[in-house]
Every structure is written in C-alpha cells, then in structure tokens.
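Heads up: the structure comes next, in structure tokens.
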Amino acid sequence: MTPTDPKADLLRYLQDARDALLWKLEGLPEYDIRRPLTPTGTNLLGLVKHVTFVELGYLGDTFGRPSGEPSPWAEEAHADDPNADMWATADESREHVADRYRRAWAHADATVEALPLDTVGKVPWWPDEQSEVTLHHALVRVIADTHRHAGHADILRETIDGAAGWRENSPNLPSDDAEWWKRYRDRLEQVAEEAARRAS
C-alpha cells in the first residue's frame, strides 16, 4: 500500500469540491448565476460566496490567521442581513466573487500547511464552552460543507440548462445522450407511479 499524507488527502477532496463549484458558473449569463432557484433563495453565485466565508472563518479566523477580506456582514448594505453571505449584490461581479474564493482557499491552504492537524483553535461565533476545535476537525467540517454545496450547485445547474456532471474533465455520468436520459427518467416515473398505487 502506498503511504498517504493526511493533509494532502484532505486538501485534494476539498479542492475537488472547490473546482466543481466554480465550474458550475461557467457559460451561464449573469441572471442565471444569481437568480433564486429554491423557495429559500439558493443560487449559484451565492453558494460560492458562502463557502468563501466558511473557509475564511474556519481555516483562518479560528486559528488566529485573519485574511483581511471584508466580511459581507460588515458591508453597509448587508449589515442587518443574516443571509448576506448567500447572495451577491449587483456590484459584486462573478469575477470578484470567484477571485475572492480563490484567495480564500489559498489562505485556508496556507493555514493547513503551516499548522499540525492537532492544532487547537477557537471558533469565534460558537458558544465559548464549545468553541475549541482541532484543525483536523475544522478542515473536515469545511470539506463536508463545500461538498454539500457543490451538490446543491449540481442540481441548480441542471435545473437551469440541463448541464450535469461532477467535473468538466470527469462528468461521472453513465451517458451524455439526451434520449438515454429521457428513457431513464420515464422509467423512474413509471416505478414511482407503480409504488404509489401499491401503497394506496
């Protein structure tokens, strides 16, 4: 068995999700990357903005390594908005949000490279008696959160224009034929109807 480097493994899985999130923005107009696609307002660019501040908080501030990036809650327009990290203003360009995310992940990666995984930090927004975490814990938390939101982005993008897949160079889908997918979906619909009949 090939020896593994735990930090490298963790960062590789985090990077996969980061790349997937940014890829989901490609080729879409401004309206589509910003428009709310769920009743709670979930949108593609907002997901990227959100994970930016997740990384800066858990893998920066928590370990005494502030990034200097302005918080969305500190901006005058969002000061009273608890969801300020979940959407981008009309003035925040796609490039600005994506570049800030890349800077955040560079800052987070530098934290991971600089500190042992058992380093203890303090999450500033958690209750004081529960606020201590190891770097390993914080990193796993960020990986889980980023992959969760990459999954959200998968569904949002497919809803917008039908584009699907895990990554640009590795779609991880059994077919790229629209007719194959139509037959597959029709089959699932029939199974769902049959199961509903049996249950009633």
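Heavy atoms only: backbone and side chains are in, while hydrogens, waters and symmetry mates are out.
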By ring-ring contact (aromatic ring centres under 6.0 Å, His included) - contacts of Tyr101 (at least two apart):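 Partners of Tyr101 under the ring-ring contact (aromatic ring centres under 6.0 Å, His included) test: Trp105.
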Residue pair Lys122, Asp128: steps toward the side chain to side chain contact (heavy atoms under 4.5 Å, CB included) verdict: CA-CA 8 Å; Lys122 197 166 185 167; Asp128 198 47; 2.8 Å; yes
Criterion side chain to side chain contact (heavy atoms under 4.5 Å, CB included) on Ile160 and Ile33, from CA distance to verdict: CA-CA 9 Å; Ile160 292 168; Ile33 64 171; over 6 Å; no
Does a salt bridge link [X] with [Y], judged by any charged N lying under 4.0 Å from a carboxylate O?
| X | Y | value |
| --- | --- | --- |
| Asp161 | Arg157 | yes |
| Asp145 | Arg148 | no |
| Arg94 | Glu30 | yes |
| Lys24 | Asp19 | no |

Would [X] and [Y] count as having a side-chain donor-acceptor pair, cut-off 3.5 Å?
| X | Y | answer |
| --- | --- | --- |
| Thr111 | Arg65 | yes |
| Arg12 | Gln15 | no |
| Trp181 | Asp176 | no |

Over all atoms of both residues, closest heavy-atom pair of Leu21 and Val48: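 Residues Leu21 and Val48, closest heavy atoms: O-CG2, 4.3 Å.
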Listed partners of Asp32 passing salt bridge (charged side-chain N to carboxylate O under 4.0 Å, His left out), at least two apart: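 Result, salt bridge (charged side-chain N to carboxylate O under 4.0 Å, His left out) vs Asp32: Arg35.
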Ring geometry between His50 and His149 (parallel below 30°, tilted from 30 to 60°, perpendicular above 60°):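 The rings of His149 and His50 stand perpendicular, inter-plane angle above 60°.
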Qualifying residues under side chain to side chain contact (heavy atoms under 4.5 Å, CB included), relative to Pro127, sequence neighbours excluded: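 For Pro127 the side chain to side chain contact (heavy atoms under 4.5 Å, CB included) partners, ignoring immediate neighbours, are Glu129, Gln130.
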